[in-house]
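Since the structure is predicted, the reported quantities are computational estimates derived from the model, not experimental observations. As the structure lists them, so they are numbered: ligands from 1, and atoms in each ligand from 1.
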Amino acid sequence: MESAIYVDGKFVPASEAKITVFDHGLLYGDGVFEGIRAYSKRVFKLEQHVKRLFISARAIDLKIPHTEEEFAELILEACRRNNIVDGYIRPIVTRGPGDLGLDPRKCTRGASVIIIAGTITLYAKEKYELGLKIVTSSYRRVPPQSLSPSIKSLNYLNQIMARIEANRANADEALMLDIHGYVSEATADNFFIVQNRAVITPYSSTNLPGITRQTVLDLAEEHGLKAVEKPFSLFDIWAADEAFITGTAAEIGPVVDVDGRLIGDGKPGKVTKQIQAWYRKLANSTGTPIYG
Ligand code: PXG
């Protein structure tokens with residue numbers, strides 16, 4: 001059966017879900033989006049995702065034609081229309097249709113709202129058992145002086161360039177440094193190291209303030225580990241006991257090789273595995289019920 005997609009105010013079959021070629025989301029990457037997961041008939045961290053979507057929209061001066069509560073309800077409805085039990089929900093809000101020319105004032109109709117509810121797989125299943133092999137990209141993450149990397153916008157070319165580099169190197173993912181050479185994040189995930197039972201991740205000023213990142217920081221504290229946000233460099237990765245990436249789509253992905261150097265003993269670490277288990281348990285036992 002075809003999936004039902006929300007676009008421009010109504011649910012339509014996927015084959016009829018279309019927007020105009022004059023949408024500024026397409027023409028200029030002018031828009032924002034979210035990536036949300038559902039586990040066991042519940043939407044995980046729904047409120048946080050909707051809040052971040054609205055903050056991203058506000059950051060680019062884009063008005064979403066709904067309240068946060070209405071938007072959350074639309075996401076739940078998208079899940080119901082697609083009989084989601086476990087799935088991935090992808091809300092997108094663009095500047096909407098407008099004449100050529102990047103001035104947002106050309107988009108007189110207002111924002112386009114799209115919600116896709118389906119599935120996503122970022123890395124093969126065995127990568128979660130064997131660990132990911134990543135390489136440091138020669139592309140630096142766009143600095144906040146140019147465009148805040150904390151905005152979840154439709155501009156992913158910075159990360160896609162890094163991803164192409166990783167593909168060419170036969171790696172699973174790329175590690176991106178910030179403009180000063182400190183670790184920023186992976187192309188679509190936040191990055192952590194584990195050192196002496198402390199989980200360490202960079203401040204979110206140079207990356208996306210990931211909802212999984214925050215969940216991991218909270219889980220670590222709750223279970224008596226130290227959760228630390230601070231800048232660190234490649235040196236600290238070489239010296240780390242463990243490393244992993246976090247993201248809604250990726251969940252918790254162990255990193256065992258960076259630029260051909262093994263992290264720890266080259267196998268997914270003990271703390272990483274604990275965090276995977278805590279995360280799985282939380283994700284499968286909390287969230288907003290889809291079916292009431
Ligand atoms: N950094 C970036 C740049 C991201 O895009 C994360 C970190 C992790 O954030 P969360 O809140 O998910 O823990 C992301 C997540 C997609 C897709 O195609 C979206 C992301 C990642 C992978 C795929 O919908 N964004």
Trainee: Could you walk me through whether Tyr182 and Tyr203 pass the ring pair (Phe, Tyr, Trp, His ring centres under 6.0 Å) test, one step at a time?
Mentor: CA-CA 11 Å; Tyr182 292 100; Tyr203 291 120; over 10 Å; no
Trainee: Apply ring pair (Phe, Tyr, Trp, His ring centres under 6.0 Å) to the pair Tyr156 and Phe33, showing each step before the final yes or no.
Mentor: CA-CA 11 Å; Tyr156 265 61; Phe33 76 105; 5.4 Å; yes
Trainee: Which residue holds the protein heavy atom closest to atom 15 (C) of ligand 1, what is that atom called, and what is the gap in Å?
Mentor: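 Looking at atom 15 (C) of ligand 1, the protein heavy atom closest to it is Lys152 NZ, 3.2 Å.
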Trainee: In the protein, what heavy atom is nearest to atom 17 (C) of ligand 1, and what distance, to one decimal place, separates them?
Mentor: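 Result for atom 17 (C) of ligand 1: Tyr88 OH, 3.2 Å.
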Trainee: Only counting residues at least two apart or in another chain, list the ones meeting ring-ring contact (aromatic ring centres under 6.0 Å, His included) with Tyr128.
Mentor: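 ring-ring contact (aromatic ring centres under 6.0 Å, His included) check on Tyr128 returns nothing, list empty.
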Trainee: Any heavy atom of Leu122 sitting closer than 4.0 Å to ligand 1?
Mentor: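 Leu122 counts as a contact of ligand 1 under the 4.0 Å cut-off.
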Trainee: Can you report which non-hydrogen protein atom sits closest to atom 2 (C) of ligand 1, along with the distance?
Mentor: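 Result: Glu185 OE1, 3.5 Å.
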Trainee: Heavy atom of Thr215 under 4.0 Å from ligand 1?
Mentor: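 So Thr215 does not count as touching ligand 1.
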Trainee: At less than 4.0 angstrom from any non-hydrogen atom of Thr248, what atoms of ligand 1 do you find?
Mentor: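 Answer for ligand 1: 10 (P), 11 (O), 12 (O), 13 (O).
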Trainee: What verdict does the side chain to side chain contact (heavy atoms under 4.5 Å, CB included) test give for Thr248 and Lys45, after you've listed the backbone C-alpha separation in whole Å, the side-chain angles of each residue and the deciding distance to 0.1 Å?
Mentor: CA-CA 10 Å; Thr248 299; Lys45 303 275 176 187; over 6 Å; no
Trainee: Are Tyr6 and Phe71, when compared by the centres of their aromatic rings, separated by less than 6.0 Å?
Mentor: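 Between Phe71 and Tyr6, which both carry aromatic rings, the centre distance is not below 6.0 Å.
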Trainee: Side-chain contact test, heavy atoms from C-beta onward, threshold under 4.5 Å: evaluate it for Thr215 versus Gln48 and give yes or no.
Mentor: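 Thr215 vs Gln48: side chains apart.
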Trainee: Sequence neighbours excluded, which residues qualify as ring-ring contact (aromatic ring centres under 6.0 Å, His included) partners of Phe191?
Mentor: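 With neighbours one apart ignored, the set is empty.
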Trainee: Judged on heavy-atom distance to atom 24 (O) of ligand 1, which of Arg90, Glu34, Arg52 sits nearest?
Mentor: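 Among Arg90, Glu34, Arg52, the closest heavy atom to atom 24 (O) of ligand 1 belongs to Arg90.
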Trainee: Could you tell me the residue and atom name of the protein heavy atom closest to atom 13 (O) of ligand 1, and the distance to it rounded to 0.1 Å?
Mentor: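 Of every protein heavy atom, Thr212 OG1, 2.6 Å lies nearest to atom 13 (O) of ligand 1.
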Trainee: Nearest protein heavy-atom contact for atom 5 (O) of ligand 1: which residue, which atom, what distance?
Mentor: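 In this structure, atom 5 (O) of ligand 1 has Tyr156 OH, 2.4 Å as its nearest protein heavy atom.
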Trainee: Within the 4.0 Å heavy-atom shell around Gly210, which atoms of ligand 1 are there?
Mentor: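 So the answer, numbered in order with elements, is 9 (O), 10 (P), 11 (O), 13 (O).
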Trainee: Short list, please: which atoms of ligand 1 are under 4.0 Å from a heavy atom of Gln159?
Mentor: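 The list of qualifying atoms is 3 (C).
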Trainee: Given Ala188, Ala249, Gly35, identify the one with the heavy atom nearest to atom 6 (C) of ligand 1.
Mentor: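 Minimum heavy-atom distance to atom 6 (C) of ligand 1 goes to Ala188.
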Trainee: Can you list the ligand 1 atoms lying under 4.0 Å from a non-hydrogen atom of Phe33?
Mentor: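 Once the distances to Phe33 are compared, the set is 19 (C), 24 (O).
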Trainee: For Arg58, look at atom CZ and say whether over 12 heavy atoms of other residues, nucleotides or ligands are found less than 6.0 Å away.
Mentor: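 Count not over threshold, so no.
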Trainee: For ligand 1, note which part of Leu208 has a heavy atom under 4.0 Å away: side chain, backbone, both or neither.
Mentor: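 Near ligand 1, Leu208 shows its side chain, while the N, CA, C and O stay back.
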Trainee: Should Glu34 and Lys51 count as an ion pair when the cut-off is N to O under 4.0 Å?
Mentor: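 Salt bridge: no.
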Trainee: Could you tell me if the side chain of Phe244 sits less than 4.5 Å from the side chain of Val216, heavy atoms only?
Mentor: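 Yes, at least one pair of side-chain atoms sits under 4.5 Å.
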Trainee: Counting from 1, what ligand 1 atoms have a heavy atom of Gly247 closer than 4.0 Å?
Mentor: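 Reading through ligand 1 atom by atom, the close ones are 8 (C), 12 (O), 13 (O).
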Trainee: Can you list the ligand 1 atoms lying under 4.0 Å from a non-hydrogen atom of Thr187?
Mentor: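 This gives 3 (C) as the contact atoms.
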